[in-house]
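To start, the structure under review is shown below, and the notes come after it.
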Number of protein chains: 2
Amino acid sequence: MSAAQTRQRILDAARQAFARSGFEATSVRSVASAAGVDQALVHRYFGTKRELFLATLELPVDPARVLAPVLAAPRQHLAEAFLRTLLELWDSDAEPVILAAVRTLTSTPDGPSLVKGFVLDLALSHLRPVVDDPVGSAPTRLALVASQTAGLLVARKVLGIEPLASMPVEQVVALVAPTLQRYMTEPLP
Amino acid sequence: MSAAQTRQRILDAARQAFARSGFEATSVRSVASAAGVDQALVHRYFGTKRELFLATLELPVDPARVLAPVLAAPRQHLAEAFLRTLLELWDSDAEPVILAAVRTLTSTPDGPSLVKGFVLDLALSHLRPVVDDPVGSAPTRLALVASQTAGLLVARKVLGIEPLASMPVEQVVALVAPTLQRYMTEPLP
DNA sequence: GTCTATAACTCGATAGAC
DNA sequence: GTCTATCGAGTTATAGAC
């Protein structure tokens, strides 16, 4: 077996394990076992458990690339484009990575430091210039967008609240985009 | 030291520890140490770690009692009343309990079973009859409300996203209540 | 390339002394 | 009422054999 292949198998197993159980509740041993290798090999390739976790958090997509068309969308369809892109990302190959990040982000106080500047941050930083206005309400707008998208992520992918969890992307977009559009571009109190 | 006092000290220490670190990352030993007692005593009073955690999840308020005035509010101010009550609850004595629940709920797959039917469920079940309509869209409405409130909780209390985290209750109400009002009572696509 | 062996801890839980 | 002592299992991580 080539080293690269084995490395990849370990990485995949780790991603799934962290996605299912978060950082704390996942043991290096269980990852090794799922990958069909010895525990020592995991350390050999990735160092500490923390480093393994960080190696796991590589998004299979480039946020800037994915968001480019969104940011180019007409302003009145900004939220719709943004939300659709986000929902499709959550259903893509990136799902385990995102779940792992969320589980770890919310599960312990140093979660944030562990996953610092991850998904939401990435998406939101790109969104900043687009939602800014003369009054400088960008931070508030971004925080509101973050709250609704984080809640959607948790409801759909972590808690599995029905009917939201099984709802087609387009229906979720229709229901929630107006909220985001208001947070992004409409006048706030 | 009376047994009741010690029991209470252990319970308080456990609540804070679980709120800070979630279920997995909190050790019985650390709880004991924070309470100034031996680890064995914790087991003596509460049994297993899981039982200790469940004992911790006793809300210091009765949801039905808190929500009664909300449900009696005029329909067009339902969201506003609901959200204000929720935000005040999060800032009250109940904060550690709620944080503990959230951290555990999102951190592992059996989190939901551990905290089954907790906070959001409680609030939402009371809300159900109020948001129902002839088309039977209550489940969708409740899921949407859950997504925004869960996101708000995470943004404000778990991730500490500014300026939302430090924002006065009334300002958050002004910004977010319209979203909830739409989810609760307005026509959906 | 991969595993054996093991060090060095920490964990939950229990029995029983004081 | 509270703690000592301890069991047994599980953890990360490393050194080194094959």
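The basis for the numbers below is simple: all heavy atoms, side chains too, and nothing from hydrogens, waters or symmetry mates.
Here Phe46(B) lies out of heavy-atom contact (under 4.0 Å) with every strand. Note on Ser30(A): nothing from the nucleic acid sits closer than 4.0 angstrom, heavy atoms only.
Taking side-chain N and O atoms only, Thr6(B) has a distance below 4.0 Å to OP1 or OP2 of dT2(D). Phosphate proximity of dT2(D) to Tyr45(B): present, with a side-chain N or O under 4.0 Å from OP1 or OP2.
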Can you list the steps and then say if His77(B) with Glu80(B) is a side-chain contact (heavy atoms from CB on, under 4.5 Å)? CA-CA 5 Å; His77(B) 294 130; Glu80(B) 192 187 319; 3.6 Å; yes

Given the rule in the side-chain hydrogen bond (donor to acceptor under 3.5 Å, both in side chains) test, do Gln16(A) and Asp12(A) qualify, once you have shown the distances and angles that lead to the verdict? CA-CA 6 Å; Gln16(A) 293 212 341; Asp12(A) 289 343; over 6 Å; no

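At a non-hydrogen distance threshold of 4.0 Å, nothing from residues 10-17 of chain B comes into contact with DNA chain C.
Each of dG1(C), dC11(C), dT2(D) was ranked by its minimum atom distance to the side chain of Ser27(B); first place goes to dC11(C).
Using a 4.5 Å heavy-atom cutoff, the side chains of Phe46(A) and Leu11(A) are in contact. No side-chain heavy atom of Leu57(B) sits under 4.5 Å from any side-chain heavy atom of Phe18(B).
Glu24(A) places its CD atom 13 Å from the C1' atom of dC11(C), with the value rounded to the nearest Å. Whole-Å rounding puts the Leu41(B) CG to dT2(D) P distance at 6 Å. We find that CZ of Phe18(B) is positioned 12 Å from C1' of dG12(C), with the value rounded to whole Å.
With hydrogens and angles ignored, the 3.5 Å screen pairs no side-chain donor or acceptor of Gln148(A) with any backbone N or O of Val145(A). Side-chain atoms of Gln181(A) come within 3.5 Å of backbone N or O of Ala79(A) as a donor-acceptor pair. In this structure, the side chain of Gln171(B) does not engage the main chain of Leu175(B) through any donor-acceptor pair within 3.5 Å.
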B/S/- contact track for nucleotides 13-18 of chain D, protein heavy atom under 4.0 Å: BB----

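A search for side-chain contact (heavy atoms from CB on, under 4.5 Å) contacts involving Pro60(B) returns Asp93(B), Ala94(B), Val97(B), not counting sequence neighbours.
The environment of CZ in Arg44(B) is sparse: at most 12 heavy-atom neighbours from other residues, nucleotides or ligands sit within 6.0 Å.
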